[in-house]
Amino acid sequence: MSAGTIRIALLGNPNCGKTALFNRLTGSRQKVANYAGVTVERKEGHFEAPSGRRFRVLDLPGAYSLDAASPDEVITRDVSRGHFPGEAPQDVLVCVVDATNLRLHLRFVLEVRALGKPMIVAVNMIDAAQRRGITLDLNRLQAELGVPVIGTVAVRKSGAAALIAQLDAQLPGPPVVATAPADFHIEVRRLLEASISMPSRTAAIDEKLDRIALHPVFGLVALSVLMFLIFQAVFSWAAPAQDAVSGVVASLSTWVTETLPDGPLRSLLTHGILAGLGTVLEFLPQILVLFAFILALEESGYLPRAAFLLDRLMFTSGLSGRSFIPLLSSFACAIPGIMATRSIQDPRDRLATIMVAPLMTCSARLPVYTLLIGAFIPRQTVGGFFNLQGLILFGLYLAGILSALLVAWILKRWRHDRGEHALLLELPSYRLPHIRDLALGLGERAGIFLRRVGGIILALTVLLWFLSSYPSLPPDAIGNALDYSFAGRIGHAMEPLFAPIGFDWHICIALIPGLAAREVAVASLATVYALSNENSDLVASQLSDIVATEWSLATGMSLLVWYIYAPMCLSTLAVIRRETNSWRQVWISTGYLFGLAYFASFVVYQSVRLWE
Ligand SMILES: Nc1nc2c(ncn2[C@@H]2O[C@H](COP(=O)(O)OP(=O)(O)OP(=O)(O)O)[C@@H](O)[C@H]2O)c(=O)[nH]1
Ligand SMILES: [Mg+2]
């Protein structure tokens, strides 16, 4: 870092727009969402002011006060006090507050002012305040506080210009006089009276919406309808795009077959890459539909309401409403979900949440689920309205959730925890998601998925193709080439262990690479079947036909259930190791998930077989 760089940190209460401001200043794309506790790590970025002066910016987790209560708040406390290991004290602390919530947020400003360091107050969300008819006198606030006060609108293009100008003009600036009022509460009231005038009634729309959203009966009905619609949409909206992708993959495959002479290269391209990757790519539209809903919900402000509604249910199971957001993030991927548990204060609650997070259905399972549902569940409408496939998918997600609650309940019994808890959860204002932000967010998800496809999934598919093709059958031998290959031998060796749950050796081959990334299980099945059936150039839609004809219903159901609990992918294990700092925890999690998966698949396989 160059010597002239000025170091600033953004801090303040949760959900006041620090990360939005950080992204605006530095051009980064860190996650922004409308609930408390989104940022749990310290993030760094840079920008250059018009004068040419360079700034290094830290985005910090939100904190309710500088007395840290949870692991993420510790970071904020230590950075602002200048005690963070390996981090020199900041040149300026930028204290961000939400203009519509000053009563709460000014308290934090007073705490920071008491540190006596150079600081600026950024009053963010000026637009939202104006819409509600709140009038702010920032000059007056500045005079009363004795530190510079700047208005910002982090979601607007030029919304941080005034802040940059202020930083540029006065930096590093003098330390403020460290004043701590005798009574924060009185002091905040004085500041508010001096600088703000509220309309007589605010947030009427929020109140009306909450009358339904938080209603003990209608609220739960609304939540179920919403969840249900999402799964319906995953199946129905994505179908045309899926057909298009599989059409393209099929023509490519035909073209390669017609153009290249028979040989390893053609086999690698058709059976390995096109069959494997093509199959996984077909699920991109479904993943995007799912994420469109997740992103819109995150921005709407509804999620903490859902947490509030489900708090009692979660409490009965031993979790608290605080675990809701981490568990919800796990629907995208368990990794951010497990990281989000840093906002949970109680270490035992946090550990329980980490243990059950992998039971939430992450988006990597979607291909496995929809492949099997497509193969075994007819495309029909029930009750004149419900898409049966969507219904089953909903059921699988529900099974994951209920299992998580059950496991948490057992953990709670086990540790004899009868602790009471109070859910202190901030309900943010409702907000309409910006289409542009949604599109950017979706683009980002598509990018992540495609990088996975082009990276780990491609690598494993090629590896699997190699293991399934070599050693090749000696010319004088009779028999199946796949049987003879490395992968075939491994599959056959594993088969006895998995026979009781209905997995034949083809499936066993696909299970191993599926540990690294679950989607690879589907790609591997495609490759294995393409190779075992030399004459067909398999594409995704055909994989589901093969599965439908070659597997029994019991096997299909067993594999579906396996993936509800399925041993989590290796990156999840790495995150559990990092977040709990314990190998023991990794072994416990792996062991119980394997056990649960095997047990559940066994029960399902054996019962469906009886019934078939
Ligand atoms: N209308 C409006 N919304 C804003 C503004 N700044 C941020 N937001 C929204 O406020 C919400 C919270 O923004 P974040 O940047 O995630 O807040 P944060 O302070 O980083 O939150 P934590 O990381 O949880 O502490 C998001 O829904 C943003 O889109 C603003 O100036 N105006
Ligand atoms: Mg943030």
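This one's a predicted model, so the numbers in the text were calculated from it and none came from an experiment. Remember, it's 1-based here, ligands and their atoms both numbered in the order they're listed. We're numbering straight along the sequence, starting at 1.
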If I take every N, O or S atom of N15, is at least one of them less than 2.8 Å from the Mg ion (ligand 2)?
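No, since none of the N, O or S atoms of N15 sits under 2.8 Å from the Mg ion (ligand 2).
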Is T39 close enough to the Mg ion (ligand 2) to have an N, O or S atom under 2.8 Å?
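So T39 does bind the Mg ion (ligand 2) by this criterion.
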Are F449 and F283, when compared by the centres of their aromatic rings, separated by less than 6.0 Å?
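Ring-ring flag for F449/F283: false, centres at least 6.0 Å apart.
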Test of proximity, [X] against ligand 1: N or O pairs below 3.5 Å:
X    : answer
L60  : no
K31  : no
V32  : no
V38  : yes
A20  : yes
G17  : yes
P14  : no
G62  : yes
T152 : no
I126 : no

Option passing side chain to side chain contact (heavy atoms under 4.5 Å, CB included) with I120 (candidates V96, L167, V147):
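In the set V96, L167, V147, the residue that makes a side chain to side chain contact (heavy atoms under 4.5 Å, CB included) with I120 is L167.
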Return yes if some donor-acceptor pair links the side-chain N/O of [X] with the main-chain N/O of [Y] below 3.5 Å, else return no.
X    : Y    : result
N124 : C16  : yes
S343 : A340 : yes
K18  : N13  : yes
Q232 : G390 : no
S28  : Q30  : no
R24  : A154 : yes
D91  : R7   : yes
Q585 : T580 : no
N15  : Y35  : yes
R431 : G301 : no

Ion pair check, E87 and R56, cut-off under 4.0 Å:
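Yes, charged N to carboxylate O under 4.0 Å.
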For [atom], which protein heavy atom lies nearest, and how many Å away is it?
atom                    : value
atom 23 (O) of ligand 1 : T39 OG1, 2.7 Å
atom 22 (P) of ligand 1 : N15 N, 3.7 Å
atom 1 (N) of ligand 1  : D127 OD2, 3.0 Å
atom 11 (C) of ligand 1 : R431 NH1, 3.1 Å
atom 27 (O) of ligand 1 : E299 OE2, 2.7 Å
atom 20 (O) of ligand 1 : T19 OG1, 2.7 Å
atom 25 (O) of ligand 1 : K18 NZ, 2.9 Å
atom 4 (C) of ligand 1  : V155 CG1, 3.6 Å

Going by the atom numbers of ligand 1, which of them fall below 4.0 Å from some non-hydrogen atom of N34?
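Numbered from 1, ligand 1 contributes 27 (O).
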Under 4.0 Å from any heavy atom of G37, which atoms of ligand 1 are there?
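Counting atoms of ligand 1 from 1, those under 4.0 Å from G37 are 24 (O).
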Contact partition for [X] relative to ligand 1, non-hydrogen atoms under 4.0 Å:
X    : answer
P428 : neither
Y35  : backbone
A36  : backbone

Identity of the nearest option to atom 6 (N) of ligand 1, non-hydrogen atoms only, from V40, L10, N124, L11
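The nearest heavy atom belongs to N124.
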For a side-chain hydrogen bond (donor to acceptor under 3.5 Å, both in side chains) with Y430, tell me which candidate from N34, D210, D206 qualifies.
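Of all the options given, the one that passes is D210.
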If every non-hydrogen atom of M339 is compared with every non-hydrogen atom of V40, which pair is closest and at what distance?
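The pair with the smallest heavy-atom distance is O-CG2, 3.6 Å.
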